[in-house]
Each structure stands twice: as structure tokens, then as C-alpha cells.
Amino acid sequence: RKFMTREERREALKDICQIVRVEGIDSFKILSALDNEDFSDFEDCLQDRCAESIEAEYIITRNVVDFAGSEVTAISPEDFFKVEFGIAL
């Protein structure tokens, strides 16, 4: 919000949706997240359930610590670019 107008944010999200897969949340994922005690944050656990269901390699997040109990490896955006592209940000 600080760096883009509403329209610019919408366009950026549209662009992102062209290059990433957006996974849906269903009742199975919700129930699985509710039963998972490895996460203190319900929304983080839902992200983990979605990432696992599509067999994602990584969850890219600025809060790697919040995903210590994740089935999918959590990685910072900076580390992702280093690992995948050899680019240091």
C-alpha cells in the first residue's frame, strides 16, 4: 500500500497469477490445519496444507521461523533467488 496505488496492486496481483499456481482451500485442508498442533498460526498452517497438496518445493515467506513445523521447506525470498537463480538480493 505504501509503494503502489490500488490499481497498480491489482495489476501486480494479476501478473503474479500468470506465473504461479493458486491453490484452493477446501474443508479437508481446513480440518487438517485445525488438527495440526505444529503451528501457532492457523493461516500459516493453511498455507502449509496448500503447499503440501500441490507438492510445492518451497513456501516463500519473510517469516521462515513461523513455518518450523511445515512439511514443505520454508525459505526467504532472498534465499529463494540465491538457490534458484544464483542472484543475491
Side-chain angles (χ1 to χ4, degrees):
R1 290 183 168 171
K2 293 179 183 180
F3 305 107
M4 292 186 205
T5 66
R6 181 176 184 229
E7 186 58 35
E8 289 171 331
R9 288 192 308 269
R10 288 176 176 261
E11 288 303 315
L13 288 171
K14 288 178 184 178
D15 291 343
I16 289 169
C17 285
Q18 296 298 316
I19 60 172
V20 299
R21 177 176 168 188
V22 178
E23 175 67 2
I25 297 173
D26 56 27
S27 60
F28 176 78
K29 290 181 188 96
I30 292 170
L31 293 171
S32 178
L34 289 169
D35 287 338
N36 189 325
E37 295 183 11
D38 292 334
F39 285 84
S40 60
D41 186 89
F42 176 69
E43 288 83 4
D44 289 346
C45 193
L46 280 177
Q47 290 178 51
D48 177 63
R49 300 293 90 208
C50 289
E52 185 178 17
S53 76
I54 63 167
E55 299 178 1
E57 286 185 61
Y58 304 110
I59 294 174
I60 302 171
T61 177
R62 288 193 167 87
N63 298 310
V64 172
V65 174
D66 292 348
F67 290 87
S70 178
E71 297 290 326
V72 178
T73 301
I75 189 170
S76 71
E78 295 81 10
D79 287 343
F80 174 75
F81 276 93
K82 285 179 198 172
V83 169
E84 291 296 314
F85 306 109
I87 299 171
L89 299 178

A.B. asks: Is there a side chain to side chain contact (heavy atoms under 4.5 Å, CB included) between Val64 and Ile75 once you walk through the steps?
C.D. replies: CA-CA 6 Å; Val64 172; Ile75 189 170; 5.5 Å; no
A.B. asks: Please give me the minimum heavy-atom distance between Ile59 and Ala51, naming the atom from each residue.
C.D. replies: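 Minimum heavy-atom separation between Ile59 and Ala51: CG1-CB, 3.7 Å.
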A.B. asks: Considering all heavy atoms of both residues, which atom of Gly24 and which atom of Cys50 are nearest to each other, and what is their separation?
C.D. replies: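 For Gly24 and Cys50, the tightest heavy-atom pair comes out as O-SG, 3.8 Å.
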A.B. asks: Starting from Ile60, can I reach Ile87 by hopping between I/L/V/M/F/W/Y residues whose side chains sit under 4.5 Å apart?
C.D. replies: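 Yes, one cluster joins them.
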A.B. asks: What distance separates Asp41 CG from Phe67 CZ, expressed to the nearest 0.5 Å?
C.D. replies: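 Asp41 atom CG to Phe67 atom CZ measures 7.5 Å (nearest 0.5 Å).
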A.B. asks: Run the side chain to side chain contact (heavy atoms under 4.5 Å, CB included) check on Arg49 and Asn36 step by step: do they pass?
C.D. replies: CA-CA 10 Å; Arg49 300 293 90 208; Asn36 189 325; 4.1 Å; yes
A.B. asks: Identify the heavy atoms of Lys82 and Ala88 that sit nearest to each other, and give their distance.
C.D. replies: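 Result for this residue pair: CG-CA, 4.2 Å.
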A.B. asks: Counting only heavy atoms not in Glu8, do more than 12 sit closer than 6.0 Å to its CD atom?
C.D. replies: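 Result for CD/Glu8: enclosed.
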A.B. asks: Please answer whether the main-chain N or O of Asp66 pairs with a side-chain N or O of Asn63 as donor and acceptor at a distance below 3.5 Å.
C.D. replies: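 Checked: no pair found.
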A.B. asks: Between CD of Glu55 and CD of Glu57, what distance do you get to the nearest 0.5 Å?
C.D. replies: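 Interatomic distance, Glu55 CD to Glu57 CD, rounded to 0.5 Å: 11.0 Å.
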A.B. asks: Is Val83 reachable from Phe85 through a run of hydrophobic residues whose side-chain heavy atoms are each under 4.5 Å from the next?
C.D. replies: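 Same hydrophobic cluster.
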A.B. asks: Do any N or O atoms from the side chain of Ser32 and from the backbone of Lys29 form a donor-acceptor pair under 3.5 angstrom?
C.D. replies: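 No, the answer is negative, given that no donor and acceptor are paired below the 3.5 Å cut-off.
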A.B. asks: With rounding to the nearest 0.5 Å, note down the distance linking CG in Leu34 to CG in Leu46.
C.D. replies: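 That separation rounds to 7.5 Å.
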A.B. asks: Determine, for Arg10 against Glu7, whether the closest basic-nitrogen to carboxylate-oxygen distance falls under 4.0 angstrom.
C.D. replies: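 Here Arg10 does not pair with Glu7 in a salt bridge, since their nearest N and O are not under 4.0 Å apart.
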A.B. asks: Give a yes or no on whether Phe39 and Phe42 share a hydrophobic cluster (residues Ile, Leu, Val, Met, Phe, Trp, Tyr; joining criterion: side-chain heavy atoms under 4.5 Å apart).
C.D. replies: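 Looking at the clustering, Phe42 is in a separate group from Phe39.
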A.B. asks: At their closest point, which heavy atom of Glu23 faces which heavy atom of Ile54, and how far apart are they?
C.D. replies: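 Of all heavy-atom pairs spanning Glu23 and Ile54, the closest is OE1-CG2, 3.2 Å.
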A.B. asks: Any sub-3.5 Å donor-acceptor pair from Asp48's side-chain atoms to Glu71's backbone N or O?
C.D. replies: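 Yes, the answer is positive, given that a donor and an acceptor are paired below the 3.5 Å cut-off.
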